[in-house]
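Remarks on the structure that follows.
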Amino acid sequence: MDYMQRHGSKRSRPAELAPGTLRVISVRMSYWPEDARDAQEILEDSSLAYLSRYALGRDYHKVMRNALARLAGDLSRRIGPFGYRVCVDSAPVLEKALGRNAGLGWIGKHTNLIARDAGSYFFLGEILTDLPLPVDEPATAHCGSCSACLPACPTRAIVAPYQLDARRCISYLTIENKGAIPVEFRKALGNRIYGCDDCQLVCPWNKFARDAAHPDFKVRYGLDTPRLTDLFAWTESEFEERMRGSAIYRIGYERWSRNIAVGLGNAPSSAEVTAALAARQEDASPLVREHVSWALAQHAAPTSPAIALSRP
Ligand code: SF4
Ligand code: SF4
């Protein structure tokens with residue numbers, strides 16, 4: 001997460017990022033895939049892999065960037081040329097705060113943006129522009145006395161309302177984190193092998209969430225309900241071929257395998273699970289080997305029964 005420091009004040013002053021910027025147009029795009037199998041059912045079946053619902057279709061970066069570029073193009077045809085820069089997760093922009101200031105929603109206690117009419121399952125994108133547009137009113141907050149997301153977090157990453165310890169968050173641990181997944185969090189990951197939605201799944205405002213309208217967010221390769229053993233059997237070239245064009249492609253085969261190994265360590269013990277793990281005990285990657293050996297240890301038979309002593 002050193003990019004936070006690296007980009008310094010550019011994060012809070014978009015004009016330093018794109019000189020001449022006077023306004024930021026914030027845009028949201030719903031991604032919930034209506035064709036996906038029920039999220040809770042997958043989380044409860046630990047032989048299956050759970051992937052964050054935003055990642056089941058094509059990579060949102062490209063979809064959103066194209067949509068924003070089209071919007072800017074339409075605007076310039078109507079009003080004439082103007083300066084702009086499109087941002088989708090690609091530049092050091094405080095997109096949630098900008099979205100809140102633009103009236104798109106409020107930042108909930110889980111630290112995601114929530115809209116009264118769209119819940120929180122949406123991507124954010126921005127157009128930085130030199131157009132002196134009128135400014136919208138910021139959105140008001142509506143978490144009220146609810147605090148459902150705090151205890152719902154498997155790793156207790158929401159340390160207090162509006163405070164996320166990203167180092168504990170499964171999204172960070174399974175996606176941005178390049179090294180080992182700390183042993184203390186491996187059990188809590190359960191079958192979540194790419195991101196996590198738990199804090200959003202319990203949020204009452206998501207009854208207003210909208211299904212994705214864009215066809216690129218439809219589920220690909222059965223990623224809404226894959227078996228862990230099947231995913232772990234993918235070769236690197238199968239991963240490359242199937243995940244190209246998906247946000248998952250960005251983590252690469254090694255991190256992908258690391259995450260699935262943890263999921264398999266948490267799966268119900270079976271000959272199939274141990275065989276899948278054993279097949280990659282000699283994996284070329286030391287990172288994967290270490291996670292495989294942790295996972296196999298979870299399925300090892302207990303060496304001696306626990307004995308409870310009590311006074312007569
Ligand atoms: S995404 Fe998951 S791990 Fe991260 S804060 Fe939400 S519930 Fe916790
Ligand atoms: S679950 Fe409750 S507290 Fe958490 S973000 Fe949603 S409304 Fe706010």
Side-chain angles (χ1 to χ4, degrees), residues 1 4 28 30-33 36 38-44 46 48-56 60 89 95-97 99-100 104-124 138-210 223-224 247-248 250-251 255 258-260 262-263 265-266:
M1 285 175 288
M4 302 270 239
R28 66 176 196 230
S30 294
Y31 62 74
W32 189 260
D38 181 70
Q40 207 54 47
E41 276 178 32
I42 309 300
L43 286 166
E44 284 165 15
S46 44
L48 300 177
Y50 185 86
L51 294 93
S52 183
R53 305 285 99 172
Y54 81 80
L56 303 184
Y60 67 94
D89 223 16
E95 54 177 14
K96 292 180 200 170
R100 178 202 48 211
L104 287 188
W106 74 96
I107 297 176
K109 290 179 187 171
H110 51 21
T111 74
N112 294 302
L113 205 68
I114 312 174
R116 294 181 81 163
D117 60 341
S120 60
Y121 301 126
F122 52 77
F123 300 121
L124 289 169
T140 49
H142 297 281
C143 280
S145 59
C146 176
S147 58
C149 51
L150 278 85
C153 176
T155 51
R156 300 288 179 265
I158 310 170
V159 291
Y162 312 106
Q163 271 183 54
L164 181 77
D165 182 348
R167 295 162 304 179
R168 302 179 70 92
C169 175
I170 294 171
S171 283
Y172 165 73
L173 292 169
T174 56
I175 300 174
E176 286 93 358
N177 166 37
K178 294 189 174 115
I181 294 174
V183 175
E184 62 182 299
F185 298 127
R186 291 186 190 174
K187 278 278 168 208
L189 253 63
N191 60 349
R192 299 167 191 81
I193 63 150
Y194 186 92
C196 169
D197 294 323
D198 289 43
C199 52
Q200 299 187 80
L201 289 169
V202 297
C203 179
W205 287 100
N206 271 331
K207 62 175 174 277
F208 302 109
R210 299 181 192 181
L223 287 178
D224 57 328
I248 298 166
R250 293 165 181 256
I251 68 168
R255 275 186 258 172
R258 171 200 67 184
N259 297 348
I260 304 170
V262 173
N266 294 327

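Every number for a ligand or one of its atoms is a count from 1 in the order of the listing. Side chains included, hydrogens not; waters and symmetry mates left out as well; all remaining heavy atoms used.
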Specify the protein heavy atom at minimum distance from [atom]: its residue, its atom name, and the distance to 0.1 Å.
atom	answer
atom 7 (S) of ligand 2	W205 CD1, 3.6 Å
atom 5 (S) of ligand 1	L164 CD1, 3.4 Å
atom 8 (Fe) of ligand 2	C143 SG, 2.3 Å
atom 6 (Fe) of ligand 2	C203 SG, 2.4 Å
atom 4 (Fe) of ligand 2	C149 SG, 2.4 Å

Q: For I158, counting its heavy atoms only, list the atoms of ligand 1 lying under 4.0 Å from any of them.
A: 5 (S)
Are any side-chain N or O atoms of [X] and backbone N or O atoms of [Y], one a donor and one an acceptor, separated by less than 3.5 Å?
X	Y	value
R210	D117	yes
Y194	N259	no
T155	R168	yes

(Q) Is the contact between I114 and ligand 2 made by the side chain, the backbone, both, or neither, using heavy atoms and a 4.0 Å cut-off? (A) side chain
Q: Identify the two heavy atoms, one from E95 and one from D89, that lie closest to each other, and give their separation to 0.1 Å.
A: OE2-OD1, 4.0 Å
Q | Residues, nucleotides or ligands: over 12 heavy atoms within 6.0 Å of K187 NZ | A | yes
Q.
On a heavy-atom basis, I'd like to know which of A152, C146, A141 is closest to atom 3 (S) of ligand 2.
A. C146
(Q) Would you call the rings of Y54 and Y60 parallel, tilted or perpendicular, taking 30° and 60° as the class edges? (A) perpendicular
Q | Among T174, N266, D198, the one residue meeting side chain to side chain donor-acceptor pair (under 3.5 Å) with R192 | A | D198
**Q.** Under 2.8 Å from atom 2 (Fe) of ligand 1, the protein N, O or S atoms, given as residue and atom
**A.** C196 SG
Q) Going by distance alone, is a donor N or O of one side chain under 3.5 Å from an acceptor N or O of the other, for Y50 and D197? A) yes
Q) Is L164 close to H110 at the side-chain level, that is, under 4.5 Å between some pair of heavy atoms? A) no
Q | Side chains of S52 and S171 in contact at under 4.5 Å (non-hydrogen atoms) | A | no
